[in-house]
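The structure appears right after this line, and notes come after that.
Each chain gets a letter, A, B and so on, in the order the sequences are listed, and its residues count up from 1. Worth knowing before you read on, the calculation uses all heavy atoms, side chains too, and leaves out hydrogens, waters and symmetry mates.
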Amino acid sequence: MAKMQSDFFRDVYEVVRLIPQGRVSSYGAIARYLGSSRGSRMVGYAMNAAHHQIPYVPAHRVLNRNGMLTGKHHFGDTNAMQKLLEMEGIQVEGDVVVNFESLFWDPTIELKID
DNA sequence: CGATTGACGTACG
DNA sequence: TCGTACGCCAATC
């Protein structure tokens, strides 16, 4: 049983799990933290596979640069992602997180290596 | 094995 | 300010 995912994917999951409850992050921020500032698409793709990862990966806390729930369609139910965010105290208007900048959790800052 | 797609982001016109 | 083009790398067709 060799590792099925690239180290990049694994690292993405790890960072996403570090996102505090009630906080959100973005694909680009994570990709950037991992050194692939242009690999934002890979982060999104990793999230696609995150559904079968253990432990649970709070992919609903990961949004795009716009604070928009771009991946809400991948949660089974369209409202599942929004519901999860609201359950954590995050207000979601339409498909966009309210006060996104204040709730934004940037790994390059929070996990910054001095 | 080659072409296309994708939960994004930045650059350019 | 808005729309289009490109890059990134893995998975799917």
Next on the checklist: So A/N64, base contact, sugar-phosphate only, or nothing? Heavy-atom distance under 4.0 Å.
Outcome noted: sugar-phosphate
Item to check | Between B/dT5 and C/dA5 - P atom distance, rounded Å | outcome: 14 Å
Item to check | Contact list for DNA chain B against residues 77-104 of chain A - heavy-atom distance below 4.0 Å | outcome: none
Checklist entry - Can you find a donor-acceptor N/O pair under 3.5 angstrom joining the side chain of A/Y45 to the base of B/dA7? => result no
Checklist outcome for this item: A/H74 atom NE2 is separated from B/dT5 atom P, nearest whole Å, by 15 Å
Item to check | Between B/dA7 (C1') and A/I19 (CD1): distance, integer Å | outcome: 13 Å
Checklist entry - Looking only at N and O atoms, is any donor in the side chain of A/H60 or the base of B/dA7 less than 3.5 Å from an acceptor on the other one? => result no
Checklist entry - Is the shortest heavy-atom distance from the side chain of A/V43 to the side chain of A/F8 under 4.5 Å? => result yes
Item to check | Same-atom distance (C1') from B/dA7 to C/dG3, integer angstrom | outcome: 22 Å
Checklist entry - Which heavy atom of A/G22 sits nearest a heavy atom of A/L103, and at what distance? => result O-CD2, 3.5 Å
Item to check | Donor-acceptor pair present, A/R41 side chain and B/dG6 base, under 3.5 Å | outcome: yes
Item to check | Short side-chain N/O contact to B/dC8 OP1/OP2 from A/T70, under 4.0 Å | outcome: yes
Item to check | ring pair (Phe, Tyr, Trp, His ring centres under 6.0 Å) involving A/H51 - partner list, sequence neighbours excluded | outcome: A/F75
Checklist entry - Can you check the A/N48 CG to B/dC8 C1' distance for me, whole Å? => result 14 Å
Checklist entry - What is the distance, rounded to the nearest whole Å, between atom CZ of A/F8 and atom P of C/dC8? => result 13 Å
Checklist entry - Starting at OH of A/Y13 and ending at P of B/dA7, how long is that distance when rounded to a whole Å? => result 14 Å
Next on the checklist: Just to be sure I understand the rule, does A/A59 reach a base, reach only the sugar-phosphate, or reach nothing, if contact means heavy atoms closer than 4.0 Å?
Outcome noted: base
Checklist entry - How long is the line joining OH of A/Y33 and P of B/dC8, in whole Å? => result 22 Å
Checklist outcome for this item: Whole-Å distance, A/R65 CZ to C/dG7 C1', equals 18 Å
Checklist entry - Where does the angle between the aromatic ring planes of A/F104 and A/F100 fall among parallel (under 30°), tilted (30 to 60°) and perpendicular (over 60°)? => result tilted
Checklist entry - Are the side chain of A/H52 and the backbone N or O of A/A49 linked by a donor-acceptor pair below 3.5 Å? => result yes
Checklist entry - Could you state the CE-C1' distance from A/M42 to C/dT12, rounded to the nearest angstrom? => result 13 Å
Checklist entry - Does A/W105 reach the side chain of A/V62, with side-chain heavy atoms less than 4.5 Å apart? => result no
Next on the checklist: Check A/R23 with A/E88, please: is the shortest side-chain N to carboxylate O separation under 4.0 Å?
Outcome noted: no
